[in-house]
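Residue indices begin at 1 and follow the sequence shown.
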Amino acid sequence: MEAVSRFPSSILMLFQLLVLFLNCCHSNAGGSLIGVCYGRNGNNLPPPQKVVRLLKSQSLSKVRLFDSDQTVLQAFANTPFEVVIGVTNPEIPSLALSQEAALSWVTRNVGAVIRNTNIVAIAVGSEVITCSKAAPLLLVPAMKNLYAALLKLGLDKKVKVSTPHSMSVLEKSYPPSEGAFENVFIASIMQPLLEFLAQTESIFMINVYPFYAYKNEINNISLDYALFETNKGIIDNNTGLLYRNLFDAQVDAVFSALAAMGYKNLKVVVSETGWPSMGDATEAEIVNMNNAARYNGNLVQHVLGSSGTPLRPGAQIDTYIFELFNENQSPGPSSQRNWGLFKPDGTKAYDISFEVKTESYSEGGNTGGSIIPVENQTYCVAIPSSSFTALQEALNWACGPGHVDCTAIQPGQPCYLPDTVSSHASYAFNGYYQSNNLDPSACAFSGMATITSTDPSYGNCAYQGSDLSTGGAANSRHHSGKRLVLAFLILLLACLH
């Protein structure tokens, strides 16, 4: 007690504020999180308790299970993991045809364990509409019965009910703005399904695999485009949006399809994505360790540092990597047994990080590729030769929905002159880029902006991120954090004396 009394309450409060500030500095500003799919289709996999320890060591916090195995659920008890449990496809008919069966399933697999295991969602089946022998017409009734059971147990606000789809539910996915559920049969199921998701404030789960899209269109799609590497990108002529990676294009096709059905506000979760690291000799050109490491490594950085997609900037899109382990009992070609991030012995199949790096990465204007050290400050500026009208629209968006503080480019303010659209757009584009932690996708602006290491500040006009700016650049927050720590220590010493 004597030691505590030496610290005035104001100092303790300052310390709490410091901890809060440092936590904010290291948080994921974009809000999107990375999870992993934990399958068990192998006879040489480690026990669930070891799996939990492995996941903890990699700073992962979200896991998707494909069933509701009680041993696995118990292993995740009293841990911080958010767990998605699965209803297998063969279980769907009984759950659809019997409310009692649904209540029994929820009571056993959710109600009995949720006090200690943080179950956040039930994934009903896997790609049922397009790939399953389970009758697709029973999918929505099963989901409704499971939700009714959650409601009866008072768990409906904590646990969401959804179902993972394949990209095949979209009759059309290119260009992204024309994504649509055009197949009559699929649309007839999708309409009540989307209505259910909206009414229950649930999520739309989609399995997004640039791997398969590239494999099927190898002559039409760039490998760099599929792997988040530097490429010239593709412009959607309907929207003018520039896409630098296939993942974003596929996700935006889903957003477009949802909007066309009247459900543009549904939250999208990527329930599976990945790239195999080993395959048969006939697959070696695209299925190899290098491509797997590039895709999944760039994916992690893209999701954790992302500001959404070109069509939905700022959207939170949690993403689950398929999958945790190489599974030696998966049927099909060799590649089907080598999707794992880890080998069965717990060692990495290839070395990637599951945390935001202290570097930013660039694919020439959107996401993924060459590394740019954080210490080398970069800025986003408009390309003066861009269309006047398009620049003006992008400027209006940045200062409006983009939430950039554009006070400095108003009349009488330090950045108002020169009074040109390109100058004002540069200030606004850079503000959006800095506020999104230098994520290159935040400097896309349909190809009307570019990233530069040259400080665009002039006179009394200080761009965000500049040493002249007092606004605090996103990528220099770790430096300001160090200064705050130093100031705190000085103040603390002063108070103690």
Side-chain angles (χ1 to χ4, degrees), residues 28 30-39 55 60-66 81-87 110 118-131 139-140 143 146-147 150 156-170 173 176 179 181 190 193-210 245-259 261 263-274 296 299-300 302-324 354:
N28 175 22
S32 301
L33 297 173
I34 284 287
V36 66
C37 298
Y38 172 24
L55 292 172
L60 291 164
S61 61
K62 300 172 76 70
V63 62
R64 177 190 166 199
L65 310 177
F66 293 96
F81 292 98
E82 293 185 357
V83 180
V84 177
I85 62 173
V87 170
V110 181
N118 186 21
I119 298 173
V120 296
I122 301 172
V124 184
S126 178
E127 302 184 346
V128 175
I129 295 177
T130 53
C131 301
L139 176 60
V140 175
M143 295 171 70
L146 289 167
Y147 179 78
L150 290 170
D156 53 298
K157 300 300 182 183
K158 180 174 176 56
V159 182
K160 299 183 183 300
V161 177
S162 188
T163 182
H165 303 282
S166 76
M167 285 293 294
S168 299
V169 295
L170 272 66
S173 61
F181 307 112
M190 199 61 69
L193 191 154
L194 296 179
E195 182 180 2
F196 167 80
L197 296 180
Q199 289 176 346
T200 60
E201 299 181 349
S202 191
I203 53 180
F204 185 85
M205 304 176 86
I206 185 76
N207 297 341
V208 178
Y209 282 101
N245 67 79
L246 183 52
F247 178 86
D248 278 354
Q250 290 185 298
V251 172
D252 273 355
V254 173
F255 277 126
S256 295
L258 293 174
M261 294 283 282
Y263 296 94
K264 67 178 182 179
N265 294 323
L266 274 180
K267 180 181 177 182
V268 170
V269 168
V270 176
S271 41
E272 291 180 25
T273 190
N296 284 324
L299 169 78
V300 170
H302 177 65
V303 170
L304 295 183
S306 178
S307 56
T309 65
L311 186 62
R312 292 293 177 85
Q316 178 181 347
I317 306 170
D318 293 342
T319 299
Y320 291 81
I321 298 177
F322 183 87
E323 58 186 336
L324 184 57
F354 300 102

Supply the atom-to-atom distance [X] [atom1] to [Y] [atom2], rounded to the nearest 0.5 angstrom.
X    : Y    : atom1 : atom2 : value
E272 : E323 : CD    : CD    : 8.5 Å
L304 : H302 : CG    : NE2   : 10.5 Å
H165 : T130 : NE2   : OG1   : 9.0 Å
S162 : L193 : OG    : CG    : 7.0 Å
D156 : T200 : CG    : OG1   : 9.5 Å
N296 : F322 : CG    : CZ    : 11.5 Å

List the atom of [X], the atom of [Y], and the distance in Å for their closest heavy-atom pair.
X    : Y    : answer
A315 : S32  : O-OG, 3.8 Å
G125 : T163 : O-OG1, 4.4 Å
F81  : L55  : CZ-CB, 3.5 Å
G274 : Y209 : N-CE2, 3.7 Å
T319 : V303 : OG1-CG2, 3.7 Å
F255 : V268 : CE2-CG2, 3.5 Å

Using the rule given for side chain to side chain contact (heavy atoms under 4.5 Å, CB included), can you reason through N118 versus V83, listing the C-alpha separation, both sets of side-chain angles and the distance that settles it, and then say yes or no?
CA-CA 6 Å; N118 186 21; V83 180; 5.6 Å; no
Would V140 and E195 satisfy side chain to side chain contact (heavy atoms under 4.5 Å, CB included), going step by step from the backbone distance to the final call?
CA-CA 10 Å; V140 175; E195 182 180 2; over 6 Å; no
Using the test side-chain hydrogen bond (donor to acceptor under 3.5 Å, both in side chains), find all partners of K62 that sit at least two apart in sequence or belong to another chain.
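Expected list: E82.
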[X] (side chain) donor-acceptor with [Y] (main chain) under 3.5 angstrom:
X    : Y    : result
S256 : P176 : yes
T273 : V208 : yes
S202 : K160 : no

Under 3.5 Å, is there a donor on one side chain and an acceptor on the other for S166 and N207?
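Absent: no donor and acceptor within the cut-off.
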With the side chain counted from C-beta on, respond yes when I85 and V159 share a heavy-atom pair under 4.5 Å apart, and no when they do not.
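They are not in side-chain contact.
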Cation-pi check, R64 to Y320: give yes when NZ or CZ is under 6.0 Å from the six-membered ring centre and within 45° of the ring axis, no otherwise.
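No, R64 does not lie over the aromatic ring of Y320.
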Can you tell me how the ring of Y147 sits relative to the ring of F196, calling it parallel under 30°, perpendicular over 60° and tilted otherwise?
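Rings of Y147 and F196: perpendicular, as their planes differ by over 60°.
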Contacts of K267 that satisfy salt bridge (charged side-chain N to carboxylate O under 4.0 Å, His left out) - sequence neighbours left out
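With neighbours one apart ignored, the set is D318.
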Flag if over 12 foreign heavy atoms under 6.0 Å of NZ, K158
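Buried by this count: over 12 neighbours within 6.0 Å.
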L197 vs Y263, side chain to side chain contact (heavy atoms under 4.5 Å, CB included): CA-CA, chis, key distance, verdict
CA-CA 9 Å; L197 296 180; Y263 296 94; over 6 Å; no
Could you go through the side chain to side chain contact (heavy atoms under 4.5 Å, CB included) check for L170 and Q250 one step at a time?
CA-CA 10 Å; L170 272 66; Q250 290 185 298; over 6 Å; no
